[in-house]
Amino acid sequence: QIRSAFTGAGCVELTACQDACSLYFILPQQMSGSAAQSFAQNLGANLTSIESAAENTCILNNLNTLGYSGIIWIGYNDINVEGSFSWFDQSPSAYTNWAGGEPNQSGDEDCVQIYPDGSWNDLNCNSNNSKSVLEVNLCPQTTITPNPASARVCQGQSVTLTANTILGSTKLS
């Protein structure tokens, strides 16, 4: 059902990179980074997060195999705090692959694109010039505080638990 929702919306699956937690799709329609993220969110996804060199290479190779070359939006951004990049899906930000001189923050460049060589460039999110890689996360991570294992609640008492779901996942290593 997930696949049919994406293909019905005009996306093409990137099958070579999928794993137990992630499905990837190319959105071949050229749009702005902001519009691409909104499009993905409307389908329950985000622009992709790339957590390793292997994942970066796999996505790039799969795009090239399917004939989708050029500059393509990914989900790295510094929309919330200028100069502090993070993934739309809140995945860890341990891996980057900036092109030489990037991120250069030339103007209002809050979104990131992947170049045909696999390196990254920051660009204005409203630039209406690129295809996008979308990622469906099938393994959200949830933390509960306080830790239920250490919380002592006696009969007749109540406790408030807060659950925080992070959409990051275990990826290709």
Q: Of all the heavy-atom pairs spanning Asp122 and Trp98, show the shortest one and how long it is.
A: N-CZ3, 3.8 Å

Q. If you measure from CD on Gln18 to CG on Asn62, what distance do you get to the nearest 0.5 Å?
A. 9.0 Å

Q) Is there side-chain contact between Phe6 and Leu27, with at least one heavy-atom pair below 4.5 Å? A) no

Q. What is the distance from atom CD of Gln90 to atom OG of Ser49, rounded to the nearest 0.5 Å?
A. 10.0 Å

Q: Check the pair Asn129 / Gln113 against side chain to side chain donor-acceptor pair (under 3.5 Å), numbers first and verdict last.
A: CA-CA 10 Å; Asn129 68 341; Gln113 295 178 320; 3.2 Å; yes

Q.
Working to the nearest 0.5 angstrom, can you tell me the gap between Thr48 OG1 and Asp89 CG?
A. 7.5 Å

Q: Run the numbers on Ser119 and Asp117 for side chain to side chain donor-acceptor pair (under 3.5 Å), then give the verdict.
A: CA-CA 6 Å; Ser119 63; Asp117 68 358; 2.6 Å; yes

Q. Does the side chain of Leu134 come within less than 4.5 Å of Val136's, by heavy atoms?
A. no

Q.
Going by side chain to side chain contact (heavy atoms under 4.5 Å, CB included), Trp73 matches just one of Cys125, Ser34, Cys111. Which one?
A. Cys111

Q. Can you find a pair of side-chain heavy atoms, one from Leu66 and one from Leu14, that are under 4.5 Å apart?
A. yes

Q: Give the cluster check for Tyr68 versus Ile74: same hydrophobic cluster or not, with ILVMFWY residues linked at side-chain heavy-atom distances below 4.5 Å.
A: yes

Q. Once you round to the nearest 0.5 Å, how far does CD1 of Ile114 lie from CD1 of Ile71?
A. 11.0 Å

(Q) Test your reading of the model: is there a side-chain donor-acceptor pair from Asn46 to the backbone of Glu135, 3.5 Å cut-off? (A) no

**Q.** Closest approach of Cys58 to Ala16 (non-hydrogen atoms, all atoms of both residues)
**A.** SG-O, 3.6 Å

Q: Mind checking the OH-CG spacing from Tyr24 to Leu63? Nearest 0.5 Å is all I need.
A: 11.5 Å

Q.
Using side-chain heavy atoms (C-beta onward) and a distance below 4.5 Å, is Asn77 in contact with Val112?
A. no

**Q.** Spacing of Cys17 atom SG and Leu23 atom CG [to the nearest 0.5 Å]
**A.** 11.5 Å

Q) Within the side chain of Asp78, is there an N or O that forms a donor-acceptor pair under 3.5 Å with the backbone of Gly83? A) yes

Q | Any side-chain heavy-atom pair of Pro92 and Glu51 under 4.5 Å | A | yes

Q) Do Lys131 and Gln30 have side chains that get closer than 4.5 Å, going by heavy atoms? A) yes

Q | For the student: nearest non-hydrogen atoms of Leu47 and Gly33, plus distance | A | CD1-O, 3.9 Å

Q) If we only count heavy atoms from C-beta on, is the Phe25 to Leu43 side-chain gap below 4.5 Å? A) no

Q. So, for Ser132 and Ala36, which heavy atoms are closest and what is the spacing to 0.1 Å?
A. OG-CB, 3.1 Å

Q: Say whether, by atom type as modelled, one donor and one acceptor occur between the side chain of Ser4 and the main chain of Gln1 under 3.5 angstrom.
A: yes

Q. When you measure from the side chain of Asn121 to the backbone N and O of Ala99, does any donor-acceptor pair fall under 3.5 Å?
A. no

Q. Where is the tightest heavy-atom contact between Tyr95 and Ile50, given as atom of each residue plus distance?
A. CD2-O, 3.8 Å

Q: Indicate yes or no: at least one non-hydrogen side-chain atom of Cys11 is less than 4.5 angstrom from one of Phe39.
A: yes

**Q.** side-chain contact (heavy atoms from CB on, under 4.5 Å) assessment of Phe88 paired with Ile79
**A.** CA-CA 10 Å; Phe88 280 116; Ile79 292 171; 3.7 Å; yes

Q: Kindly determine whether Trp120 and Asn56 satisfy side chain to side chain donor-acceptor pair (under 3.5 Å), including the steps that lead there.
A: CA-CA 10 Å; Trp120 304 352; Asn56 196 66; 3.0 Å; yes

